[in-house]
Amino acid sequence: MSGVPRAAVPVAVLHERVLTWFDAQKRALPWRDGRTDAWGVLVSEVMLQQTPVVRVEPVWRAWMERWPTPAALAAEAPGEVVRAWGRLGYPRRALRLREAAVAVVRDHGGRVPDTEDALRGLPGVGAYTAAAVAAFAHGRRTVVVDTNVRRVLARAVQGRAQAAPALTAAETRVAAATVPADAATSVRWNVAVMELGAVLCRARGPRCAQCPLVDVCAWVAAGSPADDGPPRRGQAWHGTDRQIRGALVQVLRETSRSVPREHLVGRALESARLDPARHREQTDRCLAGLVEDGLVEPVRGGRFRLPA
DNA sequence: AAAGCGTGGAA
DNA sequence: TTTCCAAGCTT
């Protein structure tokens, strides 16, 4: 019936709705308690890269207790850092976070930088994390575009079920155009849109009934159509290098001593439920890759451990 | 620029 | 059971 495109929603309306919702509904997360310094924010942002909040929280608390400053982490052995990372996944992030701490001490007087450019120069810090830390730790006006922001804007503004597979220039423009001009408000907006995407405007099972944008959402107005894009490529898992690498590191995480190659490979394949006859060669290759990446260290006698 | 990189919970 | 996906980064 409606052949006439609905007028674009004024950004002021988006701001008012989302900020009001956020003030009332925001989750109490430890790195948002107002006492957390820039280091704590950086640690949280790196841990949150591709890892859900619920899994990050306890690890972040223990981490901040143990390494309350960049200098403290910089002085730690890489292996201990990988061990403390636990099962958050992508343990290279732990290595890079430690390298970032080293760079902060060496190049920035031990203080986490407050500009996006300087933050981008730190290992493991990309466009999202730099913008997030500059905003949430230093109160700067940045354009924070994460998967939540992309989904909210794709739906509310563009009327699509989900954002494109990769960040597009158009998306960045839309995001930039919605960030309030005032620095203090921009920070609240950035965190509020992310929160909305995480809590209500979820990838699966969006809670539109509770959303402050229901009546102005382009996607809802269009009848909440299903995604029309190409089907997503799910990550293969069983028998992949990724699974085997994870299993190898996990074996080493569980022991403080070095482990003979046979024992390491055998235990990893066992926990991965893979046939040693079929995956032995692949596992050896994965082990070499882990050594190459600095996640595993070979020691005398054909043994391996987390790097000292 | 597409692919590789962990993990576990929910649907 | 399988699939999807979660505050991305790097090469």
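Within every chain, numbering begins at 1; the chains are lettered A, B, ... in the order of the sequence lines, protein sequences first and strands thereafter.
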So, OP1 or OP2 of [N]: does either fall under 4.0 Å of a side-chain N or O from [X]?
| X | N | value |
| --- | --- | --- |
| Arg245(A) | dG6(B) | yes |
| Arg87(A) | dG8(B) | yes |
| Thr147(A) | dC5(C) | no |
| Arg151(A) | dA6(C) | yes |
| Arg253(A) | dT7(B) | yes |

Practice item. Applying salt bridge (charged side-chain N to carboxylate O under 4.0 Å, His left out) between Asp293(A) and each of Arg245(A), Arg96(A), Arg93(A), report the one that passes. Key: Arg245(A)

Exercise for review: May I ask you to decide whether Arg305(A) forms a salt bridge with Glu297(A), counting only side-chain N to carboxylate O separations under 4.0 Å?
Suggested key: yes

Exercise for review: Determine, for Glu57(A) against Arg61(A), whether the closest basic-nitrogen to carboxylate-oxygen distance falls under 4.0 angstrom.
Suggested key: yes

[X] has an atom [atom1]; how far is it from atom [atom2] of [N], in whole Å?
| X | N | atom1 | atom2 | answer |
| --- | --- | --- | --- | --- |
| Trp189(A) | dA7(C) | CH2 | C1' | 16 Å |
| Arg96(A) | dG4(B) | CZ | P | 16 Å |
| Leu88(A) | dG8(C) | CG | P | 14 Å |
| Arg242(A) | dT10(C) | CZ | P | 16 Å |
| Arg55(A) | dG8(C) | CZ | P | 13 Å |
| Gln49(A) | dC9(C) | CD | P | 5 Å |
| Tyr90(A) | dG4(B) | OH | C1' | 8 Å |
| Leu295(A) | dC9(C) | CG | P | 18 Å |

Check your understanding: Where each residue is assigned the nucleotide of DNA chain B containing its nearest heavy atom, which of Gln243(A) and Arg202(A) is assigned the position nearer the 5′ end?
Key -> Gln243(A)

May I ask you to say what [X] touches in the nucleic acid, namely base, sugar-phosphate or nothing, with a heavy-atom cut-off under 4.0 Å?
| X | value |
| --- | --- |
| Ala203(A) | sugar-phosphate |
| Gly126(A) | sugar-phosphate |
| Ala127(A) | sugar-phosphate |
| Thr129(A) | sugar-phosphate |
| Val125(A) | sugar-phosphate |
| Trp31(A) | base |

Check your understanding: Are any side-chain N or O atoms of Thr255(A) and backbone N or O atoms of Val251(A), one a donor and one an acceptor, separated by less than 3.5 Å?
Key -> no

Review point. Is a side-chain donor or acceptor of Arg151(A) paired with a backbone partner of Gly197(A) at a separation under 3.5 angstrom?
Key: yes

Exercise for review: Calculate, to the nearest 0.5 Å, the distance between atoms CZ and CZ belonging to Arg150(A) and Arg155(A) respectively.
Suggested key: 12.5 Å

Point to revise | Pairwise P distance for dG8(B) and dC9(C), with rounding to whole Å | key: 22 Å

Check your understanding: When you compare dG4(B) with dA7(C), how far apart are their P atoms, in angstrom units rounded to a whole number?
Key -> 23 Å

Check your understanding: If you find the nucleotide of DNA chain C closest to Leu29(A) and the one closest to Gly124(A), which residue's nucleotide is nearer the 5' end?
Key -> Leu29(A)

**Study point:** Closest-nucleotide 5' rank along DNA chain C - winner of Pro123(A) and Leu48(A)
**Key:** Leu48(A)

Practice item. Would you indicate which nucleotide in dC5(C), dG6(B), dA7(C) comes nearest to any side-chain atom of Thr51(A)? Key: dG6(B)

